[in-house]
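Scroll down for the structure; my scribbles are underneath it.
In what follows, chains carry the letters A, B, and so on, assigned in the order in which the sequence lines appear, proteins first and then strands, with residues in each chain numbered from 1. Note that the coordinates shown come from a computational prediction; the quantities given were computed from them, not determined experimentally.
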Amino acid sequence: MTMTENNSGLILIIDDEESIRDGCTQALEKSGYTVLATGDGHEGVRIAREKHPDIAYVDLKMPGIPGMDIIDILSREIPDIVLIVITGYASIISAVESMKKGAYDYLPKPFTPDQLRAVTTRGIDHRNLTLETRRLKEEKEQVEKNFITFVSHEMRSPLVTIEQYIESLKVIAGDCLGEDAMHIIERCEKRIQNLEALVEHWLDISKIENGTLTQKKEPVNLAAIVARSMEEMIPLCQRRGLEMEKDIPGDLPAVIGDEESLVRVLINIIGNATKYTPSGGRIHIGAEYDDLDVRISISDTGTGIPKDKIPFIFEPFFRGKGKEDRQRGSGLGLTFCKKIMEAHDGSIEVQSKEGEGTTFLLKLPR
Amino acid sequence: MTAKKKILVIDDDMDFLMATKLILESGGYEVFLAEDGKSGVDMVKSVAPDLTITDMMMETWGEGFAVVSKIRSMEQGKDMPLIVLSAVDLQGPYQSYEPSDEFPKVNMVLHKPVKADDLLKYAKQLLR
């Protein structure tokens with residue numbers, strides 16, 4: 001190669017042999033790279049920390065700090081630096097060890113300027129590829145995150161506005177509306193609320209999947225969570241003529257988790273129970289524990305789930321009922337519950353017998 | 001007969017503004033609407049409302065807080081009752097609302113959609 005090539009990049013040479021430093025510097029500068037060189041290991045680390053070179057060539061055998069330690073320090077401290085080992089004592093063992101510590105390539109002495117340039121080009125390509133991959137990954141994450149925020153705003157605001165309009169319609173026309181018209185309005189409200197729940201659940205599931213759902217990890221009292229959830233659901237149970245009772249041991253141990261999410265899981269399951277349990281039925285919430293887990297059970301005396309449908313109930317948009325589908329929900333409630341339980345390293349299971357009832361079992365590790 | 005009390009509503013959703021206006025008018029208030037934070041702030045000055053209700057997430061997240069800060073720094077807005085009405089899950093600093101320099105003092109935080117009865121009740125309460 002006679003012409004100066006149009007490369008760019010900052011290369012650091014750490015080698016105690018002056019002739020190697022000079023040779024490398026000349027060869028690489030001729031190819032268009034900017035080169036820094038030092039014969040002292042500590043000085044090399046200092047320069048690398050300050051200048052963040054694209055590539056550092058490190059001689060393994062130097063007085064003072066061992067080259068292997070330099071590789072170790074630089075690979076941990078300087079993100080995306082490409083480390084290449086140069087040594088006159090090449091051996092498989094030292095090659096493997098330096099790779100383990102984070103070196104990308106290995107150049108045994110003596111080497112020709114062309115060999116050096118070839119290794120350098122490969123190192124720069126590797127670095128560019130790594131940087132590009134990361135940039136794309138970050139971009140993708142950002143797009144996903146923005147998408148969630150966008151959906152959250154763009155899907156919820158029209159629903160909220162429709163609800164607000166219905167409220168205002170009731171205010172300005174309430175007295176003139178007959179029973180039928182009021183019923184229509186109530187159904188509209190109900191359907192909008194279902195759609196809102198769907199958006200809510202879908203958002204939460206997306207957030208769990210891309211890791212942006214903020215979940216606390218602190219000791220939570222499951223008895224209090226059961227009490228809160230029941231309090232919320234008692235009015236609904238009363239409207240549907242259902243009895244709800246609990247039997248929670250007083251010494252139930254705390255588990256680590258997010259109280260709000262767990263309350264929502266319980267509310268979801270109790271809500272399902274109210275949908276599929278005929279008036280006069282009963283919902284029972286129990287708890288037990290052993291050395292490994294704390295388990296909450298929610299049992300109802302409802303219609304039960306057909307055996308062949310049980311494997312699918314946690315799938316998105318799976319519905320328990322066929323044609324007579326009057327029990328509408330978001331279609332994502334149980335999927336949400338499963339995701340939340342999994343995020344707690346726990347599980348959700350179901351046992352059901354048609355005509356007798358259904359029991360959901362929530363398991364949380366102690 | 002005493003003059004009608006004036007309520008200013010700031011929100012970037014014109015439909016939401018209309019719905020809120022209808023509810024508030026049924027309570028006998030004179031209602032003014034602003035579709036963005038800047039005109040809202042201007043109207044606090046020109047209209048001198050007795051109560052202002054503002055959205056939180058308008059053009060940009062947090063614009064509502066900027067609007068609240070601005071209103072609170074104005075002579076007409078310094079002691080005026082202010083309601084924040086937001087559809088955003090009030091999470092993080094918004095969940096347990098504590099007034100501070102960063103989150104200036106508002107009189108009430110309500111969640112969208114708001115029941116007509118509730119909105120009228122709270123407006124009446126703040127305008128006593």
Worksheet item: Can you name the nearest heavy-atom pair linking B:Ala116 to A:Glu167, along with the distance?
Response: N-OE1, 2.7 Å

Discussion item. I'd like to know if B:Asp55 and B:Lys112 make a salt bridge, using a cut-off of under 4.0 Å between side-chain N and carboxylate O.
Written reply: yes

Worksheet entry | Part of B:Asp13 lying under 4.5 Å from any heavy atom of chain A | side chain

Worksheet item: Could you name the residues of residues 43-52 of chain B that have a heavy atom within less than 4.5 Å of a heavy atom in chain A?
Response: none

Practice prompt. Count the heavy atoms belonging to other residues, nucleotides or ligands that lie under 6.0 Å from NZ of B:Lys70, then report whether that count exceeds 12.
Written response: no

Practice prompt. Check ring-ring contact (aromatic ring centres under 6.0 Å, His included) between A:Phe336 and all other residues, then give those that pass, not counting sequence neighbours.
Written response: A:His201

Discussion item. Does A:Arg264 form a salt bridge (Lys or Arg N to Asp or Glu O under 4.0 Å) with A:Glu200? I'd like the steps, not just the answer.
Written reply: CA-CA 11 Å; A:Arg264 290 181 59 191; A:Glu200 246 9 89; 5.2 Å; no

Fill in: Donor-acceptor under 3.5 Å (A:Glu196 side chain, A:Arg156 main chain)
no

Worksheet item: If every non-hydrogen atom of A:Ala287 is compared with every non-hydrogen atom of A:Ile296, which pair is closest and at what distance?
Response: CB-CD1, 4.0 Å

Worksheet item: Is it true that a side-chain atom of B:Arg72 and a backbone atom of B:Val67 form a donor plus acceptor pair closer than 3.5 Å?
Response: no

Discussion item. Could you work out, with salt bridge (Lys or Arg N to Asp or Glu O under 4.0 Å) as the rule, every residue matching A:Arg135, not counting sequence neighbours?
Written reply: A:Glu132, A:Glu139

Discussion item. Does this structure show an ion pair linking A:Lys190 with A:Glu186, if we count only N-O contacts that are shorter than 4.0 Å?
Written reply: no

Worksheet item: More than 12 foreign heavy atoms under 6.0 Å from NZ of A:Lys338: is that the case here?
Response: no

Item to complete: Tabulate, in ascending numerical order, the residues of residues 223-233 of chain A having at least one heavy atom closer than 4.5 Å to a heavy atom of chain B, or enter 'none'.
Response: none

Worksheet item: For chain A, which of B:Leu24, B:Leu17, B:Ile23, B:Thr20 has the most heavy-atom pairs under 4.5 Å?
Response: B:Ile23

Response to the item:
Greatest number of non-hydrogen atom pairs under 4.5 angstrom with chain B, of A:Val160, A:Leu159, A:Val171, falls to A:Val160

